[in-house]
Amino acid sequence: MPIHFKNVNFHYPNSANGVFDINLEIKDGEFLAVIGPSGSGKSTLLKMLSGFATPTSGSVILDGQDITRMPPEKRQLGIVFQSYGLFPHMSARDNVAYPLKIRGINKEQRQAMALEALDRVSLKNWAHNMPLSLSGGQQQRVALARALVFSPKALLLDEPLSALDAALRVEMRDEILRVQRSANIATLHVTHDQEEALSIADRIAIMQAGRIIQLGSPKELYDNPVNRWVASFIGQANLWDGKISKQNNHVETPAGILCCDTGNYPPGTPVTVMIRPESIVPGIKQEQPQNNILQGTIHADRFLGSARRIDLQIKQALLRIDTLSREPFEHVTIPAASIKLLPAE
Ligand code: ADP
């Protein structure tokens with residue numbers, strides 16, 4: 001069922017903190033991630049959906065119904081927390097069956113439904129295990145099964161992978177997405193891990209100081225960040241101060257004058273120049289006349305296993321390059337299309 005935050009504001013009493021001007025729709029079946037640094041308002045947003053905070057103004061709509069002031073237990077939301085929140089004295093199956101018990105479903109039926117839910121997260125054979133005899137990843141799967149067993153109206157994921165180690169986090173991303181897709185349920189996923197959000201979400205809302213400053217698909221956010229802060233928050237980027245050149249479709253940068261699409265910026269306008277490290281090609285590639293070919297000296301060369309990260313000193317600029325190439329080089333090609341201009345700061 002769709003979720004809609006409509007003109008929502010929340011002010012913490014006696015402070016300037018809160019969340020402001022939130023207009024956000026999560027479609028049925030959509031996976032929306034909310035990301036942002038600590039203190040940007042992610043938890044506050046989640047609390048207003050779960051019912052643990054009431055907006056100062058505006059409304060929260062779930063499946064067309066205004067739930068702004070509805071108590072949490074009436075909202076029919078499945079919630080998964082970072083801390084799993086399992087009952088330690090109950091088996092995996094009894095944990096999953098618990099939401100059915102409080103909804104008055106008879107024992108036989110709820111045990112069968114719990115087993116089926118555990119099967120969906122590949123834990124049918126662990127149904128009799130107590131939580132502490134399960135790994136962190138397995139406990140989080142039980143929590144996911146418990147959140148979905150009663151066919152909730154929407155799913156809330158509150159930093160669900162933060163307690164897991166790095167390799168397991170990546171594996172569980174796929175698992176969460178698979179289960180979310182098969183349940184086809186509107187999902188709000190709060191995380192501080194931008195890579196997790198990029199890999200899993202249909203759309204991402206980026207929060208800063210209580211506001212959503214950009215909302216879009218992972219690709220839109222990565223390729224066309226609204227400002228320098230978003231560009232550096234989502235992935236790695238070379239970010240330079242530049243100025244639109246008098247020469248048509250050229251920008252002055254600390255690495256020289258580069259050809260790119262200058263859009264509607266008039267000559268002389270200060271801009272931020274963004275170049276993603278993996279869009280730079282080592283060597284001289286002259287296939288496209290708009291390619292920028294630069295020469296520099298290697299300042300740092302790091303082997304990262306799957307890639308190589310190089311800092312190339314070009315005039316006044318340090319250009320970071322991520323490449324699969326293992327060959328030595330002193331020239332690089334920057335295609336005009338991989339240079340993005342953002343507002344100057
Ligand atoms: P996040 O989840 O992104 O870390 P929060 O939603 O917890 O951010 O917090 C948003 C802002 O509100 C922060 O500036 C935080 O310090 C502030 N805040 C959180 N709880 C309270 C509170 N009880 N009283 C006053 N300010 C608070």
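Counting starts at 1 for both ligands and their atoms, following the listed order.
- Using bins of under 30°, 30° to 60° and over 60° for the plane-to-plane angle, the ring pair Trp229/Phe233 lands in the parallel bin.
- Of the protein's heavy atoms, Tyr12 CE1, 3.3 Å lies nearest to atom 12 (O) of ligand 1.
- Heavy-atom proximity to Ser40, at under 4.0 Å, picks out these atoms of ligand 1: 1 (P), 3 (O), 8 (O).
- Closest protein heavy atom to atom 26 (N) of ligand 1: Asn17 ND2, 3.3 Å.
- With ligand atoms numbered from 1 in the order given, ligand 1 contributes 1 (P), 2 (O), 3 (O), 4 (O), 6 (O), 8 (O) to contacts under 4.0 Å with heavy atoms of Lys42.
- From the protein, the heavy atom lying nearest to atom 2 (O) of ligand 1 is Ser43 OG, 2.5 Å.
- Classified by interplanar angle (parallel below 30°, tilted 30° to 60°, perpendicular above 60°), the ring pair Phe20/His11 is tilted.
- Judged by the 6.0 Å and 45° rule, Arg146 forms no cation-pi pair with Tyr98.
- Of the charged side-chain nitrogens involved, none lies within less than 4.0 Å of a carboxylate oxygen, so that Arg308 and Glu278 do not count as a salt-bridged pair.
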Q | Audit row: Arg181, Asp202, salt bridge (Lys or Arg N to Asp or Glu O under 4.0 Å) steps and yes/no | A | CA-CA 11 Å; Arg181 287 290 186 247; Asp202 296 313; 2.6 Å; yes
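- The protein heavy-atom contact nearest to atom 13 (C) of ligand 1 is Gly39 O, 3.3 Å.
- With hydrogens left out, the protein atom closest to atom 6 (O) of ligand 1 is Thr44 OG1, 2.5 Å, a heavy atom.
- If you look at Pro37 next to ligand 1, the close heavy atoms, those under 4.0 Å, all belong to the backbone.
- Salt-bridge formation is detected for the pair Arg302/Asp311: a Lys NZ or Arg NE/NH1/NH2 atom is positioned less than 4.0 Å from an Asp or Glu carboxylate oxygen.
- At least one heavy atom of Gly41 sits less than 4.0 Å from an atom of ligand 1.
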